[in-house]
Structures are given as C-alpha cells and as structure tokens.
Amino acid sequence: MRREEDPHRINRRIRAKEIRIVGDDVENGIYSTADALEIAQKLGLDLVEIAPNGTPPVCKIIDYSKFKYEQKKKQKELKANAHKVVVKEIRFGPNTNEHDLDFKTKHAQKFLEEGNKVKAYVQFAGRTIVFKDRGREILDRFAEAIEEQGKPEGYPKMEGKRMIIMFTPKAIPKPKKKAESSKSETSKSSKSSKENESKKVDAKADEKPKVIKSSKEPKNESGKGSENKDSKKDEKIPTTKKPSPKKDKGEEK
C-alpha cells in the first residue's frame, strides 16, 4: 500500500533557495530556506510551502498536522452542506392539453423548490415534427408558470425530435440538521412534562379537605331508657270487675 503523498512540501522537501514567509507569529518577509528552517525548528513548528508557484514561493511556519486536520474538517463541512443536484425530466407533446400542462407544471415547481434541475422537452413523433411552433408555445407557457421557482439556462433548442429547455432552481434549500431538531424536540417534551407536573402539584395544593357529614345522629342510650319508662307509665293497666254480692231471697222478701 502506497502512503498518500502530502499535498504540500514541508521542511527539507522545499526546493527553492529563497522563500517568502507569511503568518502571524513570524515577521513577514523574504528569507533563505535555511534561515526559515532554523526559525521553524526554534519554534517547534514546520515550514510549509503554501504557494509553490509564487516568486519566491510563499511559506508558513505552522503545526502541519494541525493544519491537515483543519483542512479535512473544512472539506467534510463543504460536502455536508453541498446539495446533490438531480435532473428531473418533464415531457410534453405538441398536443398537450391545458389540464396536463397544469399538472406537470405543479410537479416541476415542486422539483425546483427541492433544489433539483428540471429538463422540459416536447417530443415530436412522426409527422408531428411540423408542429414546432406548438412545442415552442407550450415551453414558453411552462417557463412563465415556473418563473418564481426556476430560471431557464437558455432558449429552447432542437435535439433530434425533441425541443429541450433546462431550468435551474433560484434558491437551493439548506440541509436540516437532525441533531439540532432532535435536541429541540427533547427539550420541548421535557419542558411540557415539567409544566404538567407543576400544574398537578398546584391543583392538589388548592384542593380543600372534604368533611364527611354522617347522616345518622348518635343515639342517646340514656334518653332511650327514659323514653321506655315514660311509655310504660302511659300504658293503661287493665282493670278486672269484681262480682257484685248476691242478695239472699229472704232479705228480698
């Protein structure tokens, strides 16, 4: 396996006898390569050739490993932010009616809003090649309809039996960061849960304890006894009639 070559010449690999040093930590100016190497060694850094085509070549005294790391990081960020352009095709015919034109126009507007290119063309089949004016009219109306979302790269042109025109989006959407969106969603959910818990605690604190009233009053046993005695007194005692004395027959006479 071959080791990847460094894109820059550093230290002893610099071939020029004189170089121009630029940077913050060193006095800028033209030095001999030997003097520049001595300065870099004293500072514990590397002499890196930044612009080899300059007269003399331009160099910097920096930490080369750190410099390479930052360059790779920048390249990754550029790739992440770069939008992959996809070309979407919209096909018409010389006899395309109004309904089909509106339907396909909406699709093209959506494609352009997503940051994709749109290739619109009119396909002429057989004898319909004589209706080039109709094809140009359809493409002109299509261009007017998507004027806000995209701009044409040129005028319609014939390629074989096709009349073609390309559209580029006016504004490319920025990629959404998933990490930030997930963090914001979790923070929102945690805030809402905390608010709900605090509301429940406040509601419990505001509630007054309910006093349960018993419908049955306590019975007084002593009262019961007195009532029983009075009722007994009020009860009538049954009286028995005494038989009247019989009179003798002699006395009656």
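Any value given below was found using the heavy atoms of this structure, including those in side chains, with hydrogens, waters and symmetry copies removed.
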Look at the side chain of [X] and the backbone N and O of [Y], then say whether any donor-acceptor pair between them is shorter than 3.5 Å.
X	Y	value
Gln109	Ala145	yes
Asn11	Asp46	no
Asn28	Gly23	yes

Separation of Ile138 CD1 from Asn97 CG (nearest 0.5 Å):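 Between Asn97 CG and Ile138 CD1, I get 9.5 Å after rounding to 0.5 Å.
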What I'd like to find out is whether the side chain of Arg134 reaches to under 4.5 Å of the side chain of Val122, using heavy atoms alone.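 Answer no - side chains too far apart.
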Do Asp35 and Ser32 have side-chain atoms, one donor and one acceptor, less than 3.5 Å apart?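 There is such a pair between these side chains.
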For Gln123 and Arg91, test the side chains for any donor-to-acceptor distance below 3.5 angstrom and give the result as yes or no.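 Side-chain D/A pair, Gln123 to Arg91: absent.
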Lys NZ or Arg CZ of Lys161 over Phe124 ring: under 6.0 Å, within 45°: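 Output no; distance or angle outside limits.
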Tell me every residue that passes ring-ring contact (aromatic ring centres under 6.0 Å, His included) with Tyr31, counting only those two or more places apart in sequence or in another chain.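 With neighbours one apart ignored, the set is empty.
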What is the minimum heavy-atom distance between Asn116 and Val86, and which atoms define it?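 Taking Asn116 first and Val86 second, the nearest heavy atoms are CB-O, 3.1 Å.
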Nearest heavy-atom neighbours spanning Lys117 and Glu153: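 Smallest interatomic distance, heavy atoms only, reads NZ-OE2, 3.1 Å.
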Hydrophobic cluster identity match, Leu45 and Val48, side-chain contacts under 4.5 Å: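 No, Leu45 and Val48 fall in different hydrophobic clusters.
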Anything under 30° is parallel, anything over 60° is perpendicular, the rest tilted; go ahead and classify Phe103 against His99.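 Aromatic pair Phe103/His99 classed parallel.
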